[in-house]
Amino acid sequence: MRILNGWKRRARGLGLLRGRSKPAPAGRLQRERTVFERLSGFGAADMAVDLGSANTVVYLRGEGIVIQEPSVLAVDALTREVLSVGSAAAAMTGREPAGVELVYPVVRGAVTDLEAAAHLVQTLVGKGPGSIWTGPRVVVTTATDLSPVEIRAVLNCMGELGARKVVRLPATLAAAYGAELEKSEYAGLLVIDIGAGTTDLAVVDADGVVASRLLRTGAGDWDRAIAAAVAKAYDLRIGPVTAERLKRQVADLREGETHMRLCAGLARETGLPREVLVEAKVLRPALLPFAEAIANEARTILLGIRAELREWIAVHGVLLVGGGALLRGLDSYLTHSLGLPVYVGGDALHAVAVGAGKTLAELDVLRDSMLEYGR
């Protein structure tokens, strides 16, 4: 627990830690139990929430990850009534029925629609408007370099859930903790968390976040670049779901790779359905600028930290997490570009949520972030 304990020491010095408090009284049981009541056996739960631009992941103390759903709602375009959320709403992507609009309440790591974000989380965790439920205690992750206004919006979203305590945790710090680096003797680590809308970079040591940078681009931008590349090379229009599939199954930053896949879309000139064989060599040039932008930000961070920490990272490497970390060849590209080892976390997709979940054991001594940023 070396990294988290160091963070706690720094937080204590900043007044973010508090003494142990008495446990809150248990709430009354509902007639129709929520996911948390079914798992924990009482009316409140400690949970970690990774509210991302693409997916919302919920980790329940003692159970692990219990929810992973797309961060999207389908609403009636006229009445704004919510029709479905998560996977059911995401299934409509690219083929929304008339009068239905898809709403993405988190854009580039920031909550842009508080009401929609709160409704999304409330629905996913099974808390109805009339529920009798003692508010949970929540650890919520955010990008390291969000503005105070953006952080407050995330905290307010958790407040709408009825949380009686909310602790904000930088995603890069959570990822380092989730990768079980507390069990090693790491003096420091550069963590790169690539989400759908942002790329969060931070150097983490035993005392917490040393330096950080935030790119307001992510794997969702890669999908759009892939769609543009396919349109240019093959005269074929494809949707976001197809572009994302090509990113997972065909795209590769390594030169000379021959992955390919038959891809269906609409001919740009006629609008008629057509299939083409999409090759990795066509997609690679569209993705290289994003990889180089990440490398440039990593260099900037490394140049700004103390020499001994930089030397340690040069030997022990860089940790890639988030959905974007799974792009084939990204680790080897960054290794070559930066001249230091870069590796993908063992469970890159869930590293942030798992790390945040591990901090739930410390909730009694972590100060409510709402006291710092206000409600």
Side-chain angles (χ1 to χ4, degrees), residues 52-55 70 90 93-95 108 192-201 215-299 317-351:
S53 302
N55 293 291
T93 303
R95 49 177 183 271
R108 303 205 179 280
I192 302 178
D193 176 22
I194 308 172
T198 61
T199 300
D200 194 8
L201 304 90
L215 280 170
R216 298 280 182 166
T217 58
D221 298 280
W222 305 356
D223 296 344
R224 288 183 280 276
I226 286 173
V230 169
K232 182 178 180 180
Y234 301 103
D235 199 31
L236 188 75
R237 292 202 311 266
I238 61 174
V241 174
T242 302
E244 197 274 337
R245 187 180 300 120
L246 288 174
K247 178 181 65 183
R248 288 188 289 107
Q249 299 179 354
V250 178
D252 198 318
L253 293 185
R254 293 169 294 188
E255 211 165 359
E257 292 297 322
T258 59
H259 313 300
M260 58 185 68
R261 178 183 172 85
L262 199 62
C263 175
L266 300 176
R268 294 176 69 187
E269 289 187 1
T270 66
L272 297 176
R274 187 160 66 92
E275 286 188 331
V276 300
L277 195 63
V278 177
E279 299 179 272
K281 66 181 181 181
V282 172
L283 306 183
R284 184 173 182 269
L287 297 174
L288 284 177
F290 297 103
E292 186 54 34
I294 294 172
N296 288 336
E297 292 298 317
R299 292 189 195 97
V318 177
L319 174 66
L320 290 180
V321 297
L326 303 179
L327 174 65
R328 281 180 290 197
L330 178 60
D331 53 346
S332 57
Y333 177 89
L334 292 176
T335 294
H336 180 266
S337 181
L338 296 174
L340 48 83
V342 177
Y343 59 95
V344 180
D347 187 4
L349 199 59
H350 302 117

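Between the Arg284 side chain and the Leu253 main chain, a donor and an acceptor come within less than 3.5 Å of each other. Formation of a donor-acceptor pair under 3.5 Å by the Thr199 side chain with backbone atoms of Ile194 is not found in this model. Side-chain atoms of Arg108 come within 3.5 Å of backbone N or O of Arg216 as a donor-acceptor pair.
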Worksheet entry | Chi angles and distances behind the side-chain contact (heavy atoms from CB on, under 4.5 Å) call for Arg274, Asp235 | CA-CA 10 Å; Arg274 187 160 66 92; Asp235 199 31; 3.9 Å; yes
Worksheet entry | Check against side-chain contact (heavy atoms from CB on, under 4.5 Å), Ile238 and Leu246 | CA-CA 10 Å; Ile238 61 174; Leu246 288 174; 3.8 Å; yes
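Leu340 pairs by the side chain to side chain contact (heavy atoms under 4.5 Å, CB included) definition with Leu302, Val318, Leu338, Val342, not counting sequence neighbours. With sequence neighbours left out, Ala231 forms a side chain to side chain contact (heavy atoms under 4.5 Å, CB included) with Arg268.
Atoms SG and CG, from Cys263 and Leu236 in turn, are 5.5 Å apart once rounded to the nearest 0.5 Å. Here the CD1 atom belonging to Ile294 is positioned 7.0 Å from the OG1 atom belonging to Thr217, to the nearest 0.5 angstrom. From Asp331, atom CG reaches atom CG of Leu319 across 11.5 Å, with rounding to the nearest 0.5 Å.
Nearest heavy atoms, Ala351 versus Val321: CB-CG1, 3.8 Å. Nearest heavy atoms, Thr93 versus Pro240: CG2-CG, 3.7 Å. Closest approach of Ala348 and Ala325 over heavy atoms only: CB-CB, 4.2 Å. Summarising the geometry of Gly324 relative to Ala219, their closest heavy-atom pair is CA-CB, 4.2 Å, with the distance given to 0.1 Å. Here the closest heavy-atom approach between residue Ala229 and residue Leu283 is recorded as CB-CD2, 4.5 Å. Nearest heavy atoms, Leu330 versus Ala291: CD1-CB, 4.0 Å.
Looking at Leu320 and Tyr343, their side chains never come closer than 4.5 Å, going by heavy atoms from C-beta outward. Side chains of Leu288 and Tyr333 form a contact here, defined as non-hydrogen atoms less than 4.5 Å apart.
The side chain to side chain donor-acceptor pair (under 3.5 Å) contacts involving residues 237-252 comprise Asp223-Lys247, Glu244-Arg248, Gln249-Arg261, Asp252-Arg254, Asp252-His259, where partners must be two or more places apart or lie in separate chains.
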